[in-house]
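Worksheet for the structure shown next.
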Amino acid sequence: MSSPSATHSGEAAAPAVPDGVDAIIEQWAAVRPDLETTPMEVFGRVYRTTQAMGDRIEKAYRRLGTTRGEFDVLATLRRHGEPYTLSPRQLSSTLMLTTGGMTGRLDKLERAGLLRRSPDPHDRRGLQVTLTEEGRELVDRAVAAGLEVQHAALVAAGLDEAETAQLAALLRKLLAGSQPGDGS
(Lines give C-alpha, C1' and ligand atoms only; values in the text may rest on other atoms or scores of the structure.)
Protein backbone atom coordinates (compact mmCIF):
# COMPACT_ATOMS: atom_id res chain seq x y z
CA MET A 1 0.00 0.00 0.00
CA SER A 2 1.34 3.45 -0.85
CA SER A 3 2.05 6.10 1.71
CA PRO A 4 -0.34 9.05 2.13
CA SER A 5 2.27 11.37 0.59
CA ALA A 6 2.59 9.40 -2.66
CA THR A 7 0.28 9.55 -5.65
CA HIS A 8 -0.81 6.55 -7.68
CA SER A 9 1.99 7.32 -10.16
CA GLY A 10 4.64 7.28 -7.44
CA GLU A 11 5.22 11.04 -7.43
CA ALA A 12 5.39 12.82 -4.11
CA ALA A 13 2.13 14.57 -3.31
CA ALA A 14 1.80 17.78 -1.38
CA PRO A 15 1.35 17.14 2.33
CA ALA A 16 -2.27 16.95 3.38
CA VAL A 17 -3.65 20.18 4.81
CA PRO A 18 -5.05 19.54 8.31
CA ASP A 19 -8.81 19.91 8.59
CA GLY A 20 -11.45 19.96 11.33
CA VAL A 21 -11.56 16.19 11.45
CA ASP A 22 -7.82 16.09 12.25
CA ALA A 23 -8.47 18.32 15.27
CA ILE A 24 -11.17 15.95 16.53
CA ILE A 25 -8.90 12.93 16.05
CA GLU A 26 -6.09 14.66 17.95
CA GLN A 27 -8.45 15.44 20.82
CA TRP A 28 -9.56 11.81 21.04
CA ALA A 29 -5.95 10.65 20.89
CA ALA A 30 -5.13 12.87 23.88
CA VAL A 31 -7.93 11.50 26.07
CA ARG A 32 -8.34 7.98 24.62
CA PRO A 33 -5.11 6.88 22.94
CA ASP A 34 -6.45 3.32 22.90
CA LEU A 35 -9.09 4.13 20.25
CA GLU A 36 -8.61 3.26 16.58
CA THR A 37 -10.14 6.42 15.06
CA THR A 38 -9.60 5.78 11.34
CA PRO A 39 -13.34 5.04 10.82
CA MET A 40 -14.11 8.40 12.44
CA GLU A 41 -11.73 10.08 9.99
CA VAL A 42 -13.45 8.44 7.03
CA PHE A 43 -17.05 9.02 8.06
CA GLY A 44 -16.36 12.47 9.48
CA ARG A 45 -14.93 13.59 6.15
CA VAL A 46 -17.73 11.90 4.17
CA TYR A 47 -20.30 13.70 6.34
CA ARG A 48 -18.57 17.10 6.07
CA THR A 49 -18.09 16.68 2.31
CA THR A 50 -21.78 15.82 1.92
CA GLN A 51 -22.82 18.90 3.88
CA ALA A 52 -20.50 21.24 2.00
CA MET A 53 -21.42 19.92 -1.44
CA GLY A 54 -25.12 19.83 -0.60
CA ASP A 55 -24.97 23.52 0.28
CA ARG A 56 -23.07 24.39 -2.90
CA ILE A 57 -25.44 22.40 -5.11
CA GLU A 58 -28.47 23.93 -3.38
CA LYS A 59 -27.10 27.41 -4.25
CA ALA A 60 -26.71 26.36 -7.90
CA TYR A 61 -30.34 25.14 -7.96
CA ARG A 62 -31.62 28.30 -6.26
CA ARG A 63 -29.99 30.43 -8.97
CA LEU A 64 -32.24 28.54 -11.39
CA GLY A 65 -35.32 29.10 -9.22
CA THR A 66 -35.68 25.66 -7.65
CA THR A 67 -34.70 23.78 -4.50
CA ARG A 68 -32.99 20.45 -3.97
CA GLY A 69 -36.28 18.83 -2.94
CA GLU A 70 -38.06 20.12 -6.02
CA PHE A 71 -35.12 19.09 -8.20
CA ASP A 72 -35.37 15.56 -6.79
CA VAL A 73 -38.99 15.26 -7.96
CA LEU A 74 -38.26 16.68 -11.41
CA ALA A 75 -35.09 14.61 -11.80
CA THR A 76 -36.89 11.40 -10.83
CA LEU A 77 -39.46 12.00 -13.55
CA ARG A 78 -36.75 12.92 -16.07
CA ARG A 79 -34.59 9.87 -15.29
CA HIS A 80 -37.60 7.61 -15.70
CA GLY A 81 -37.62 8.44 -19.41
CA GLU A 82 -40.42 9.30 -21.77
CA PRO A 83 -43.24 9.99 -21.20
CA TYR A 84 -41.71 11.25 -17.89
CA THR A 85 -44.70 9.98 -15.92
CA LEU A 86 -45.00 8.27 -12.54
CA SER A 87 -47.70 7.92 -9.92
CA PRO A 88 -47.44 10.02 -6.75
CA ARG A 89 -46.92 6.74 -4.86
CA GLN A 90 -43.97 5.78 -7.08
CA LEU A 91 -42.44 9.21 -6.56
CA SER A 92 -42.97 9.03 -2.78
CA SER A 93 -41.32 5.63 -2.49
CA THR A 94 -38.41 6.57 -4.76
CA LEU A 95 -37.75 9.79 -2.84
CA MET A 96 -38.60 8.29 0.58
CA LEU A 97 -41.16 11.00 1.29
CA THR A 98 -44.48 10.79 3.05
CA THR A 99 -47.52 11.25 0.86
CA GLY A 100 -48.16 14.59 2.62
CA GLY A 101 -44.64 15.80 1.87
CA MET A 102 -44.97 14.68 -1.73
CA THR A 103 -48.34 16.41 -2.15
CA GLY A 104 -46.84 19.73 -1.03
CA ARG A 105 -43.98 19.47 -3.52
CA LEU A 106 -46.30 18.41 -6.33
CA ASP A 107 -48.68 21.29 -5.61
CA LYS A 108 -45.85 23.84 -5.82
CA LEU A 109 -44.32 22.31 -8.96
CA GLU A 110 -47.71 22.09 -10.66
CA ARG A 111 -48.47 25.75 -9.87
CA ALA A 112 -45.12 26.65 -11.42
CA GLY A 113 -46.04 24.73 -14.60
CA LEU A 114 -43.17 22.25 -14.19
CA LEU A 115 -45.40 19.17 -14.00
CA ARG A 116 -49.04 18.25 -14.35
CA ARG A 117 -51.26 15.77 -12.59
CA SER A 118 -53.89 13.86 -14.51
CA PRO A 119 -56.14 10.85 -13.96
CA ASP A 120 -54.44 7.48 -14.42
CA PRO A 121 -56.11 5.83 -17.45
CA HIS A 122 -55.43 2.39 -15.92
CA ASP A 123 -56.73 3.16 -12.43
CA ARG A 124 -59.71 5.46 -12.08
CA ARG A 125 -58.75 6.20 -8.45
CA GLY A 126 -55.14 6.98 -9.29
CA LEU A 127 -53.22 9.94 -10.61
CA GLN A 128 -50.25 10.34 -12.89
CA VAL A 129 -47.59 13.01 -12.54
CA THR A 130 -45.97 14.10 -15.79
CA LEU A 131 -43.03 16.41 -16.37
CA THR A 132 -43.90 19.37 -18.62
CA GLU A 133 -41.56 20.70 -21.28
CA GLU A 134 -40.75 23.64 -18.99
CA GLY A 135 -39.99 21.19 -16.17
CA ARG A 136 -37.75 19.11 -18.43
CA GLU A 137 -35.81 22.19 -19.52
CA LEU A 138 -35.37 23.31 -15.89
CA VAL A 139 -34.21 19.92 -14.63
CA ASP A 140 -31.78 19.59 -17.54
CA ARG A 141 -30.24 22.98 -16.65
CA ALA A 142 -30.20 22.11 -12.94
CA VAL A 143 -28.52 18.72 -13.36
CA ALA A 144 -25.83 20.36 -15.51
CA ALA A 145 -25.33 23.10 -12.89
CA GLY A 146 -25.05 20.52 -10.09
CA LEU A 147 -22.56 18.44 -12.04
CA GLU A 148 -20.52 21.57 -12.76
CA VAL A 149 -20.26 22.27 -9.02
CA GLN A 150 -19.28 18.66 -8.32
CA HIS A 151 -16.71 18.61 -11.11
CA ALA A 152 -15.19 21.86 -9.85
CA ALA A 153 -14.79 20.35 -6.38
CA LEU A 154 -13.00 17.29 -7.79
CA VAL A 155 -10.66 19.55 -9.79
CA ALA A 156 -10.05 21.79 -6.74
CA ALA A 157 -9.14 18.68 -4.75
CA GLY A 158 -6.56 17.81 -7.40
CA LEU A 159 -8.12 14.47 -8.25
CA ASP A 160 -7.39 13.15 -11.73
CA GLU A 161 -9.74 10.84 -13.66
CA ALA A 162 -8.18 7.66 -12.28
CA GLU A 163 -8.32 8.90 -8.68
CA THR A 164 -11.92 10.04 -9.15
CA ALA A 165 -12.87 6.61 -10.52
CA GLN A 166 -11.03 4.90 -7.64
CA LEU A 167 -12.77 7.13 -5.08
CA ALA A 168 -16.17 6.36 -6.65
CA ALA A 169 -15.44 2.63 -6.49
CA LEU A 170 -14.28 2.82 -2.86
CA LEU A 171 -17.33 4.83 -1.84
CA ARG A 172 -19.57 2.25 -3.57
CA LYS A 173 -17.97 -0.44 -1.39
CA LEU A 174 -18.33 1.72 1.71
CA LEU A 175 -22.00 2.39 0.97
CA ALA A 176 -22.67 -1.32 0.47
CA GLY A 177 -21.11 -2.08 3.84
CA SER A 178 -23.05 0.74 5.52
CA GLN A 179 -26.53 -0.41 4.47
CA PRO A 180 -28.97 -1.87 7.01
CA GLY A 181 -28.62 -5.62 7.39
CA ASP A 182 -24.84 -5.55 7.44
CA GLY A 183 -24.84 -7.29 10.81
CA SER A 184 -24.60 -4.20 13.00
Side-chain angles (χ1 to χ4, degrees), residues 39 42-157 159 161 164-184:
V42 171
F43 288 101
R45 288 189 177 100
V46 167
Y47 176 76
R48 287 171 182 232
T49 300
T50 300
Q51 279 191 309
M53 290 307 300
D55 292 346
R56 290 175 66 186
I57 291 169
E58 180 76 30
K59 286 179 187 174
Y61 293 162
R62 285 200 184 279
R63 284 192 291 273
L64 296 171
T66 194
T67 66
R68 192 175 349 182
E70 294 163 359
F71 169 83
D72 288 344
V73 173
L74 299 174
T76 300
L77 290 165
R78 178 70 165 109
R79 288 191 318 262
H80 195 70
E82 289 192 54
Y84 313 119
T85 300
L86 292 170
S87 72
R89 184 178 309 236
Q90 289 170 311
L91 282 166
S92 291
S93 67
T94 299
L95 297 173
M96 297 182 288
L97 281 174
T98 65
T99 54
M102 179 57 65
T103 298
R105 283 189 194 174
L106 295 178
D107 287 346
K108 185 174 180 188
L109 291 166
E110 188 172 37
R111 281 192 305 272
L114 301 173
L115 57 80
R116 70 177 175 281
R117 287 182 273 198
S118 58
D120 184 336
H122 307 292
D123 178 1
R124 63 183 185 175
R125 295 178 298 154
L127 289 175
Q128 291 182 326
V129 178
T130 304
L131 193 61
T132 64
E133 183 63 25
E134 186 179 346
R136 190 186 63 74
E137 290 171 4
L138 174 61
V139 75
D140 284 352
R141 286 192 316 271
V143 74
L147 285 169
E148 187 176 307
V149 167
Q150 294 168 359
H151 183 262
L154 293 170
V155 169
L159 296 174
E161 285 184 36
T164 299
Q166 180 182 20
L167 179 58
L170 291 170
L171 288 170
R172 179 182 295 111
K173 287 173 72 172
L174 180 61
L175 179 61
S178 302
Q179 298 297 313
D182 66 354
S184 54

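Source: prediction; values computed, not measured.
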Should Leu91 and Leu106 be marked as a side-chain contact (heavy atoms from CB on, under 4.5 Å) after you check the CA-CA gap, both sets of side-chain angles, and the distance that decides it? CA-CA 10 Å; Leu91 282 166; Leu106 295 178; 4.1 Å; yes
Of all heavy-atom pairs between Glu70 and Gly65, which one has the smallest distance, and what is that distance? OE1-O, 4.4 Å
Leu171 vs Val46, side-chain contact (heavy atoms from CB on, under 4.5 Å): CA-CA, chis, key distance, verdict: CA-CA 9 Å; Leu171 288 170; Val46 167; 4.3 Å; yes
Closest approach of Pro88 to Leu127 (non-hydrogen atoms, all atoms of both residues): CD-O, 3.3 Å
Holding to ring pair (Phe, Tyr, Trp, His ring centres under 6.0 Å), I want the full list of residues that pass it with Phe71, two or more places apart in sequence or in another chain. Tyr61
Point-to-point distance, once rounded to the nearest 0.5 Å, from CD of Glu110 to CZ of Arg116: 10.0 Å
At what distance, to the nearest 0.5 angstrom, does CD of Gln150 lie from CZ of Arg56? 9.5 Å
For the pair Arg62 and Thr67, evaluate side-chain contact (heavy atoms from CB on, under 4.5 Å) and give the outcome as yes or no after the intermediate values. CA-CA 6 Å; Arg62 285 200 184 279; Thr67 66; 3.7 Å; yes
Inter-residue atom distance Met53.CE - Glu58.CD, 0.5 Å rounding: 12.5 Å
Approximate separation, where rounding is to 0.5 Å, of Lys108 NZ and Leu115 CG: 12.0 Å
Taking Arg136 first and then Asp140, would you say they form a salt bridge - that is, a charged N and a carboxylate O separated by under 4.0 Å? yes
Arg117 and Val129 have their tightest heavy-atom pair at CG-CG2, 3.9 Å
Evaluation steps, side-chain contact (heavy atoms from CB on, under 4.5 Å), between Phe43 and Leu174: CA-CA 10 Å; Phe43 288 101; Leu174 180 61; 3.3 Å; yes
Inter-residue atom distance Leu74.CG - Leu109.CG, 0.5 Å rounding: 5.0 Å
